[in-house]
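Here the structure is laid out as structure tokens; the discussion comes afterwards.
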Amino acid sequence: MGMATKKRLELKLPIPTRFKHPMPLPLPLPPKERGSDHFVLAGPVQRKLDVTSMHKEMAELIRQAQSSDLERLGILGHGSGGTVYKVLHRKSSSHYALKVVRLDHDRYIMREAEILKKINSPFIVKCEGIFEEGGSINFVLEYMDGGSLANLLKHKKRMSESFIANAAAQVLKGLKYLHGERIVHRDIKPSNLLMNRNSQVIKIADFGVSRVVSQSMDTVSCNSYVGTCAYMSPERFDPDSYGGSYNGYAGDVWSFGLSMLECYVGYFPFLAPGQKADWATLMCAICFGDPPCAPPGSSAQFRSFIGCCLQKDPSNRWTPSQLLNHPFLTEFMHRFK
């Protein structure tokens with residue numbers, strides 16, 4: 001009796017798209033309300049920076065300096081590309097944040113330097129100077145002494161609607177300014193939103209993965225997986241399902257809305273409290289699940305505001321200008337005039 005031949009089933013399971021480049025670990029920038037004017041660091045550099053690939057204006061921003069002008073008081077943060085220190089500028093007795101990034105990460109360093117030179121807004125952490133020393137680029141940044149919204153979440157667990165309205169208005173003004181300058185941040189999240197000591201002033205920080213949009217483009221086709229995947233919009237993971245292109249401006253609004261909702265509920269909205277995140281879980285939740293919404297206990301205005309930010313279709317997502325005129329913010333600003 002012959003043996004029956006078993007037919008092998010040919011099953012093909014979809015495999016998530018791999019990142020084209022290693023995802024850089026975002027480097028959180030520190031914190032304090034700025035209390036002094038610009039300063040110019042002086043002294044000889046140890047090694048001349050090669051600026052042949054940079055614009056002439058960029059070369060002018062790289063100021064001659066030496067580390068002896070700055071006294072390092074402590075470490076504020078670490079990342080794969082470098083370290084952020086709290087420093088004292090001896091000549092002015094002012095505190096700053098010093099972000100030190102190795103030159104072998106120059107794919108992002110030069111872009112960040114160009115953007116920091118370009119921007120000037122009270123809603124964005126200011127760059128006071130840039131210099132090169134010992135194989136690293138040093139960014140001298142405004143120091144904010146209140147930490148980040150992520151720090152506040154760890155201690156306070158959740159924030160009130162009035163606090164979120166105040167924070168949201170300032171972040172949206174920062175995003176409105178950036179988008180007006182054709183700059184997409186691409187990494188809006190609580191750890192990149194910094195506060196002063198009394199938590200009243202909120203500013204956008206960390207432009208390590210930001211991008212300036214080409215003048216010939218109305219939207220941003222920056223489909224690389226840079227930034228923090230947890231806060232990426234659905235179309236950033238799967239642009240083909242949304243017309244084949246990624247609008248970076250709308251992507252910033254999604255990340256903003258997710259961050260504000262996290263501040264309210266006290267945990268990352270796509271996961272249960274305490275749940276550990278992994279890439280596959282996040283991708284499936286963001287791409288195939290319903291967008292998170294504010295809980296029933298919140299006000300109708302707040303639920304509507306979050307809903308306007310977290311539209312899965314980017315064409316339906318509100319812009320920063322529109323969100324600044326949302327009743328959740330206009331009513332708050334009217335009450336506190």
What are the two closest heavy atoms between Asn166 and Gln200, and how far apart are they?
ND2-O, 3.2 Å
For Ala285 versus Phe270, what's the shortest heavy-atom pair and its separation?
O-CE2, 3.5 Å
Is there side-chain contact between Gln170 and Ile204, with heavy atoms separated by less than 4.5 Å?
no
One should read off an interatomic distance between Arg186 CZ and Leu178 CG, to the nearest 0.5 angstrom, of 13.0 Å
For the residue pair Cys293 and Ile306, establish whether any side-chain heavy-atom pair is separated by less than 4.5 Å.
no
Residues 303-329 vs salt bridge (charged side-chain N to carboxylate O under 4.0 Å, His left out), sequence neighbours excluded, gives Glu235-Arg317
Side-chain donor/acceptor of Asp69 to backbone N/O of Lys91, under 3.5 Å
no
Hydrogens and angles aside, do Ser255 and Asp252 bring a side-chain donor and acceptor to less than 3.5 Å of each other?
no
Nearest 0.5 Å please: distance from the CD1 atom of Ile124 over to the CG atom of Asp206.
12.5 Å
Under 30°, 30 to 60°, or over 60°: which ring-plane class applies to Phe237 and Trp279, parallel, tilted or perpendicular?
perpendicular
Non-neighbouring partners of Ser321 that pass side chain to side chain donor-acceptor pair (under 3.5 Å), sequence neighbours left out:
none
Run the side-chain contact (heavy atoms from CB on, under 4.5 Å) test against Ala168 and tell me which residues pass, sequence neighbours left out.
Phe256, Met260, Phe305, Leu329
Heavy-atom closest pair, residues Leu76 and Lys86:
CD1-N, 3.4 Å
When hydrophobic residues are tied together by side-chain contacts of less than 4.5 Å, even through go-betweens, does Phe123 share a cluster with Val125?
no
Validation row: Tyr85, Leu70 side chains within 4.5 angstrom (heavy atoms)
no
Hydrophobic clusters join Ile, Leu, Val, Met, Phe, Trp and Tyr when side-chain heavy atoms are under 4.5 Å apart, directly or via other members; which others share one with Leu88?
Leu73
Could you work out, with side chain to side chain donor-acceptor pair (under 3.5 Å) as the rule, every residue matching Ser160, not counting sequence neighbours?
Ser162
If we only count heavy atoms from C-beta on, is the Ser148 to Asn192 side-chain gap below 4.5 Å?
no
Excluding sequence neighbours, so at least two apart, what forms ring pair (Phe, Tyr, Trp, His ring centres under 6.0 Å) with His179?
Tyr249
Set of ring pair (Phe, Tyr, Trp, His ring centres under 6.0 Å) partners for Tyr177, sequence neighbours left out:
none
I would like to know whether Glu181 and Ile115 meet side chain to side chain contact (heavy atoms under 4.5 Å, CB included); could you show each step before the answer?
CA-CA 10 Å; Glu181 295 294 316; Ile115 289 174; over 6 Å; no
Any donor-acceptor pair under 3.5 Å linking the side chain of Glu161 with the backbone of Ser299?
yes
Mind jotting down which residue pairs meet the salt bridge (charged side-chain N to carboxylate O under 4.0 Å, His left out) criterion with at least one end in residues 147-160? Sequence neighbours excluded, please.
none
By side-chain contact (heavy atoms from CB on, under 4.5 Å), Ser259 pairs with (sequence neighbours left out) Ile188, Lys189, Pro190, Tyr231
Please evaluate residues Lys99 and Ile137 with respect to the criterion side chain to side chain contact (heavy atoms under 4.5 Å, CB included), reporting the C-alpha separation (whole Å), side-chain torsions for both, the decisive distance (0.1 Å), and the verdict.
CA-CA 8 Å; Lys99 181 177 178 180; Ile137 289 286; over 6 Å; no
Using side-chain heavy atoms (C-beta onward) and a distance below 4.5 Å, is Lys126 in contact with Lys203?
no
Run the side chain to side chain contact (heavy atoms under 4.5 Å, CB included) test on Glu128 and His89 for me, step by step, so that the C-alpha distance in whole Å, both residues' side-chain angles and the decisive distance to 0.1 Å come before the verdict.
CA-CA 11 Å; Glu128 307 285 4; His89 182 242; over 6 Å; no
With sequence neighbours excluded, residues passing ring pair (Phe, Tyr, Trp, His ring centres under 6.0 Å) with Phe139:
none
Considering non-hydrogen atoms only, spot the tightest contact between Met159 and Leu149 and give its length.
CE-O, 3.6 Å
In chain order, what residues pass the side-chain contact (heavy atoms from CB on, under 4.5 Å) check against Pro327, with sequence neighbours excluded?
Gln301, Thr330, Glu331
Look up atom CD in Glu71 and atom NE2 in His95, then write down how far apart they are to the nearest 0.5 Å.
8.5 Å
State the OG-CG distance between Ser233 and Asn247, to the nearest 0.5 angstrom.
9.0 Å
If you define the side chain from C-beta out and look only at heavy atoms, does anything of Tyr264 sit under 4.5 Å from Pro269?
no
May I ask you to test the Leu258-Leu310 pair for a side-chain heavy-atom distance under 4.5 Å?
yes
Which pair of heavy atoms, one from Leu261 and one from Pro292, lies closest together, and at what distance?
CD2-CB, 3.8 Å
Holding to side-chain contact (heavy atoms from CB on, under 4.5 Å), I want the full list of residues that pass it with Cys308, two or more places apart in sequence or in another chain.
Ser304, Trp318, Leu323, His326
Might you point out which heavy atoms bring Cys229 and Ile286 nearest each other, and give the distance in Å?
O-CD1, 3.8 Å
If you measure from CE on Met232 to SG on Cys287, what distance do you get to the nearest 0.5 Å?
10.5 Å
Between CG on residue Asn151 and CG on residue Leu193, distance to nearest 0.5 Å:
11.5 Å
What verdict does the side chain to side chain contact (heavy atoms under 4.5 Å, CB included) test give for Val100 and Arg72, after you've listed the backbone C-alpha separation in whole Å, the side-chain angles of each residue and the deciding distance to 0.1 Å?
CA-CA 12 Å; Val100 182; Arg72 295 185 183 185; 3.9 Å; yes
Does some side-chain heavy atom of Trp254 sit less than 4.5 Å from a side-chain heavy atom of Pro291?
yes
